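Shown next, in structure tokens, is the structure this report addresses.
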Amino acid sequence: MAKHHIAIIPGDGIGPEIMESVLTILGSVGFSAEYTYLEAGLSAIEKGESAMPKSTIEAVREIGIALKSPTTTPVGGGHTSANVALRKALDLFANVRPAKSLPGIRGPFADKEIDLIIIRENTEDLYAGIEFQPHPDIAQAVKVITRPGSRRLFRYSFEMVRRQGRKRLTVVHKANIMKLTDGMFLEEFRNIAKEYPDIISDDIIIDNCCMQLVTKPEQFDVLVTENLYGDIVSDLCAGLVGGLGLAPGANIGEKCAVFEAVHGSAPDIAGKGIANPTALLLSALMMLRHLGEHSIADRLMQAVLKVCEEGLHLTGDLGGKSSTIEYQQELILKAS
Ligand code: NAI
Ligand code: MG
């Protein structure tokens, strides 16, 4: 029996192409697992199911680990996002997104060494889905922040900082204006910080944080923030280090973890064999570390660094001319 069991969601658009590429790369360095393929997105909708079928959610819950490609969310008309459904059902409360400069990749900050992680709360805030219209001309949304939700997020964040040997955790908020909600969030951060005297903890107001991120991004280590701020700021961070084709992510809950790239299903390039599989590969490396497979993750990371630094086999989104397969073959060569 394989040592690991992983749920695979191939998704839509470029999803199946990059998933096949990533699983081929993992196999090339001797990683083996039992893979259970699950449906989500358009293929599920075409069969008359929801974008995130109950059977898929239950299978991920039972298996505990999933590698997921992006799914297309049809615009309008009662289609809820497959991702939101999965995060909610499995209570995946922390969304972890690293942003790290890669050698040879021209982001807006080619001269700076950026190595930060942003942790976004994934279940509360204005994304709790509580909206109503008390009058035809008025629409309202409720912002929900809870002490237990904040505490588990901060505990997870401090533990991650410690586990990864990082130094500092910064909470991003707007407590000067939203005194009750963000005020509670900040208060709980300070309470939990007392349990981690070995880690530098501080706070920054969201608007100043954005300005600092685009002027001195190298100053940050790990940032933790609420759902809405985190959604926006984590995309900004992806942009700092070369864009969506390189940005990985993990959705972490008490019992389950779902690893996926930040980018979407890229329908504009689907089926052309030119998608960049790196973001999903880096997500898979986060998964390998979660599974304790550090040496395989290190080896593949070295290969990613070499291919980027050399710059001869990059995909179109990074200014190169290589196809998905050419990039994959070069990566496998560098990892062997
Ligand atoms: P997108 O991320 O799919 O595409 C934005 C641009 O980046 C496009 O030009 C695309 O070609 C390019 N791009 C993205 N990933 C790439 C890769 N790996 N290699 C090369 N180029 C890449 O965002 P968009 O167009 O807003 O969304 C498309 C669909 O994806 C929508 O239905 C959206 O709802 C869904 N989506 C799904 C997500 C998920 O399942 N986690 C996350 C974000 C969007
Ligand atoms: Mg987003």
Side-chain angles (χ1 to χ4, degrees), residues 8-29 31 35 37 39-43 45-46 51 66-75 82-83 97-108 110 234-249 259-287 300-336:
I8 300 291
I9 302 177
D12 298 314
I14 60 170
E17 303 166 36
I18 57 176
M19 183 63 80
E20 196 188 331
S21 181
V22 166
L23 295 183
T24 304
I25 292 168
L26 295 189
S28 77
V29 290
F31 178 77
Y35 296 130
Y37 283 78
E39 243 166 37
L42 292 181
S43 59
I45 291 173
E46 274 158 19
L67 184 62
K68 179 186 169 297
S69 268
T71 44
T72 298
T73 308
V75 177
N83 293 310
R97 292 180 174 188
K100 186 171 162 50
S101 320
L102 291 169
I105 304 297
R106 282 185 307 259
S234 60
D235 272 29
L236 187 157
C237 291
L240 292 177
V241 293
L244 284 174
L246 296 172
F259 297 84
E260 66 176 338
V262 169
H263 63 73
S265 55
D268 53 335
I269 59 165
K272 296 184 178 163
I274 56 170
N276 185 356
T278 311
L280 184 64
L281 177 62
L282 295 178
S283 310
L285 298 194
M286 292 174 80
M287 178 184 79
L300 286 173
M301 190 65 210
Q302 287 308 317
V304 171
L305 295 177
K306 277 189 209 154
V307 175
C308 288
E309 189 162 22
E310 213 176 70
L312 299 173
H313 298 85
L314 300 177
T315 46
D317 57 309
L318 298 176
K321 290 196 170 67
S322 292
S323 65
T324 309
I325 298 275
E326 284 161 352
Y327 170 87
Q328 168 195 315
Q329 285 170 341
E330 188 60 23
L331 208 126
I332 290 173
L333 205 67
K334 293 274 191 290
S336 63

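Source: prediction; values computed, not measured.
- By the salt bridge (Lys or Arg N to Asp or Glu O under 4.0 Å) test, Glu260 pairs with Lys68, Arg87, sequence neighbours left out.
- The shortest distance between side-chain heavy atoms of Thr324 and Lys272 does not fall below 4.5 Å.
- Shortest non-hydrogen contact noted between Cys237 and Ala99 is O-CB, 3.7 Å.
- To the nearest 0.5 Å, the span separating CZ on Phe31 from CG on Leu23 amounts to 9.0 Å.
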- Can Asn276 and Leu314 be said to form a side chain to side chain contact (heavy atoms under 4.5 Å, CB included), step by step? CA-CA 8 Å; Asn276 185 356; Leu314 300 177; over 6 Å; no
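- The minimum heavy-atom distance between Val29 and Ala335, with the atom names listed, is CG1-CB, 3.8 Å.
- Of all non-hydrogen atoms in Ala247 and Ala238, the two that sit nearest each other are CB-CB, 3.7 Å.
- The shortest distance between side-chain heavy atoms of Ile269 and Asp317 does not fall below 4.5 Å.
- The side-chain contact (heavy atoms from CB on, under 4.5 Å) search around Ala82 returns Ala51, Met52, Thr71, not counting sequence neighbours.
- Within the 3.5 Å criterion, the main-chain N or O of Ser323 finds a donor-acceptor partner in the side chain of Glu326.
- Atom CE of residue Met19 and atom OH of residue Tyr37 lie 7.5 Å apart, to the nearest 0.5 angstrom.
- Atom CD of Gln302 is separated from atom CD of Glu309 by 10.0 Å, given to the nearest 0.5 angstrom.
- Side-chain contact between Thr278 and Val307 is absent, with no heavy-atom pair separated by less than 4.5 Å.
- The heavy-atom pair separating Ser283 from Ala261 by the smallest distance is OG-N, 3.4 Å.
- Considering all non-hydrogen atoms of both residues, Ser21 and Gln328 come closest at OG-OE1, 2.9 Å.
- Taking both residues in full, the closest heavy atoms of Val22 and Leu281 are given as CG2-N, 3.6 Å, listed atom of the first, atom of the second, then distance.
- Between Gln329 atom CD and His313 atom NE2 the span is 9.0 Å, to the nearest 0.5 Å.
- The number of heavy atoms from other shown groups lying within 6.0 Å of CD (Glu330) is above 12.
- Here the CD1-OG distance, from Ile9 to Ser69, works out to 9.0 Å after rounding to the nearest 0.5 Å.
- Here the side chains of Leu246 and Val241 are not in contact, with every heavy-atom distance at 4.5 Å or above.
- Between Pro98 and Pro248 the shortest side-chain heavy-atom distance falls below 4.5 Å.
- The closest side-chain heavy-atom distance from Ile274 to Thr315 is not below 4.5 Å.
- Counting heavy atoms from C-beta on, the side chains of Leu300 and Leu26 come closer than 4.5 Å.
- Between the OG1 atom of Thr24 and the CD atom of Glu20 there is a distance of 5.5 Å, given to the nearest 0.5 Å.
- Two residues are said to be in side-chain contact when any heavy atoms from C-beta on lie closer than 4.5 Å; Leu282 and Met301 meet this criterion.
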- Check the pair His263, Ile18 against side chain to side chain contact (heavy atoms under 4.5 Å, CB included), reporting the backbone distance first and the verdict last. CA-CA 12 Å; His263 63 73; Ile18 57 176; 3.6 Å; yes
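- Between the Asp12 side chain and the Gly41 main chain, no donor and acceptor come within less than 3.5 Å of each other.
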